[in-house]
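Chain A is the first sequence line, chain B the second, and so forth, proteins listed ahead of strands; every chain is numbered from 1.
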Protein chains: 2
Amino acid sequence: MPKPAPEPEVAPLRENAIVSPLAESPAFLVRLAQLRAFDEFHRNFAGLGVTPAGFSVFALIVANPGIRPGAIAEELRVKPSNVAVLVNGLVSAGLVRREADQAELRASLLHPTAAGSRAWREMDRIQRETDAQFAAGLTPAERSQFVTLLRKLLHR
Amino acid sequence: MPKPAPEPEVAPLRENAIVSPLAESPAFLVRLAQLRAFDEFHRNFAGLGVTPAGFSVFALIVANPGIRPGAIAEELRVKPSNVAVLVNGLVSAGLVRREADQAELRASLLHPTAAGSRAWREMDRIQRETDAQFAAGLTPAERSQFVTLLRKLLHR
DNA sequence: ACCGATTATTAAGGTGCATAATAATCCCCT
DNA sequence: AGGGGATTATTATGCACCTTAATAATCGGT
């Protein structure tokens with residue numbers, strides 16, 4: 001009895017074994033991670049009336065009352081034109097008001113409204129939850145390491 | 001001549017010291033990192049006729065000739081409708097062709113064209129360069145750690 | 001031989017970013 | 001002073017990418 005011939009002629013090649021040439025690419029993995037972060041955000045902030053970008057702008061305004069649009073653009077690495085649109089949304093929602101700067105009439109100073117400050121407490125809580133879910137696959141030490149690496153990568 | 005008035009009444013409060021409440025948020029930092037990755041991509045792939053999303057689809061097709069749209073959607077965590085549009089772009093560019101599956105007439109099997117295979121060699125080279133630039137702030141060990149953490153975070 | 005499930009595609013909508021054009025103000029320099 | 005380039009903000013427009021809903025074709029089990 002020569003051979004039990006247990007193997008087919010061609011390589012078996014599991015059908016669902018997909019080769020992922022980008023599985024080692026940091027940039028690609030970051031894009032996937034961002035997709036997931038976006039999903040988590042939407043699940044948790046559904047009905048709160050803010051988008052991820054709008055939320056990040058709002059967070060900066062609450063933490064820095066009187067901040068100017070240009071400073072937000074720089075901090076978030078987006079163009080001022082985009083900030084203006086997002087601020088419009090926050091103003092429409094009654095969360096933020098624009099105020100004139102006496103010493104710099106070109107600029108507008110951004111402040112949370114009373115309703116905005118109230119709404120922020122809830123949003124801040126939800127945001128922490130959302131982050132926890134996002135990083136649920138990592139231990140606290142790994143999460144801290146992850147944040148450190150991201151900040152180092154972003155610094156320049 | 002009452003007062004020289006050298007100091008303003010309120011605290012000086014360094015103007016450029018912005019409080020970033022999201023600086024410890026993994027999800028927010030991932031969003032910033034993705035912005036940078038996008039920038040690097042565009043700088044390096046300018047004129048190559050592919051977008052980041054299109055490139056990731058193309059990479060999967062080259063690495064898995066005959067792959068089906070549904071499998072790509074699953075792998076990239078996007079909806080099949082989105083894959084169809086991106087494949088249309090690759091077909092228009094002459095990089096990919098659709099082929100009928102004899103055993104599954106609903107499905108289309110995706111293959112790189114000859115021109116696609118040729119173009120891929122260049123793109124693969126550029127992609128490695130792009131990744132290197134993206135992670136330039138990290139040591140090789142850190143980069144490896146970063147990839148490991150991302151994969152762990154994404155796995156579930 | 002039907003009928004629900006699967007696969008793919010198109011159509012329409014929304015978010016988030018960009019660039020370009022416009023407007024108002026500021027600041028320096030002669 | 002007063003003119004002109006730089007700064008700040010905003011609006012308008014467009015593109016990339018993702019979604020859901022609707023349509024079409026095929027598959028597979030009863």
Next on the checklist: Please determine whether any donor N or O and acceptor N or O are separated by less than 3.5 Å between the side chain of Ser108(A) and the base of dT8(D).
Outcome noted: no
Does a nitrogen or oxygen in the side chain of [X] sit under 4.0 Å from OP1 or OP2 of [N]?
X: Asn82(B); N: dA16(D); result: no
X: Arg98(A); N: dT10(D); result: yes
X: Arg77(A); N: dA18(C); result: no

Checklist entry - With a non-hydrogen cut-off below 4.0 angstrom, is Pro80(A) in contact with a base, only sugar-phosphate, or nothing? => result base
Checklist entry - If you look at every strand shown and take non-hydrogen atoms under 4.0 Å, does Ala84(A) touch a base, only sugar-phosphate, or nothing? => result base
Could you give the [atom1]-to-[atom2] distance, from [X] to [N], as a whole number of Å?
X: Leu35(A); N: dA16(D); atom1: CG; atom2: P; value: 17 Å
X: Ile61(A); N: dA9(D); atom1: CD1; atom2: C1'; value: 14 Å
X: Ile72(A); N: dC17(C); atom1: CD1; atom2: C1'; value: 16 Å
X: Asn88(A); N: dA12(D); atom1: CG; atom2: C1'; value: 13 Å
X: Gln102(A); N: dC26(C); atom1: CD; atom2: C1'; value: 16 Å
X: Asp39(A); N: dC17(D); atom1: CG; atom2: C1'; value: 13 Å
X: His42(B); N: dC15(D); atom1: NE2; atom2: C1'; value: 9 Å
X: Leu105(B); N: dT26(D); atom1: CG; atom2: P; value: 6 Å

Taking the side chain of [X] as heavy atoms from C-beta outward, which of [options] is closest to it?
X: Val78(A); options: dT19(D), dT10(C), dC17(C); answer: dC17(C)
X: Leu86(A); options: dC27(D), dG16(C), dT19(C); answer: dG16(C)
X: Ala53(B); options: dC17(D), dT7(D), dC17(C); answer: dC17(D)
X: Arg68(B); options: dA21(D), dC18(D), dA8(C); answer: dA8(C)
X: Glu104(B); options: dT19(D), dC26(C), dC27(D); answer: dC27(D)
X: Pro69(A); options: dG16(C), dT10(D), dC27(D); answer: dT10(D)
X: Lys79(A); options: dT19(D), dC26(C), dA18(C); answer: dA18(C)
X: Thr51(A); options: dG16(C), dC17(D), dT6(C); answer: dG16(C)

Item to check | Val19(A) backbone acceptor or donor facing Asn64(B) side chain under 3.5 Å | outcome: yes
Checklist entry - Roughly how far, to the nearest 0.5 Å, is the CZ atom of Phe146(B) from the NZ atom of Lys152(A)? => result 12.5 Å
Checklist entry - So how far is it from Gln102(A) CD to Leu109(A) CG, rounded to the nearest 0.5 Å? => result 8.5 Å
Checklist entry - Taking for each residue the nucleotide of DNA chain D bearing the nearest heavy atom, is the 5' side occupied by Val85(A) or by Arg31(A)? => result Val85(A)
Checklist outcome for this item: By nearest-nucleotide position on DNA chain C, the 5'-leaning member of Ser81(A) and Phe38(A) is Phe38(A)
Checklist entry - Would you call Arg128(A) and Asp124(A) a salt bridge, using N to O less than 4.0 angstrom? => result yes
Checklist entry - With the threshold set at 4.0 Å, does a side-chain nitrogen-carboxylate oxygen contact exist between Arg143(A) and Glu24(B)? => result no
Checklist entry - How about Val91(B) and Val87(B): do any of their side-chain heavy atoms sit closer than 4.5 Å? => result yes
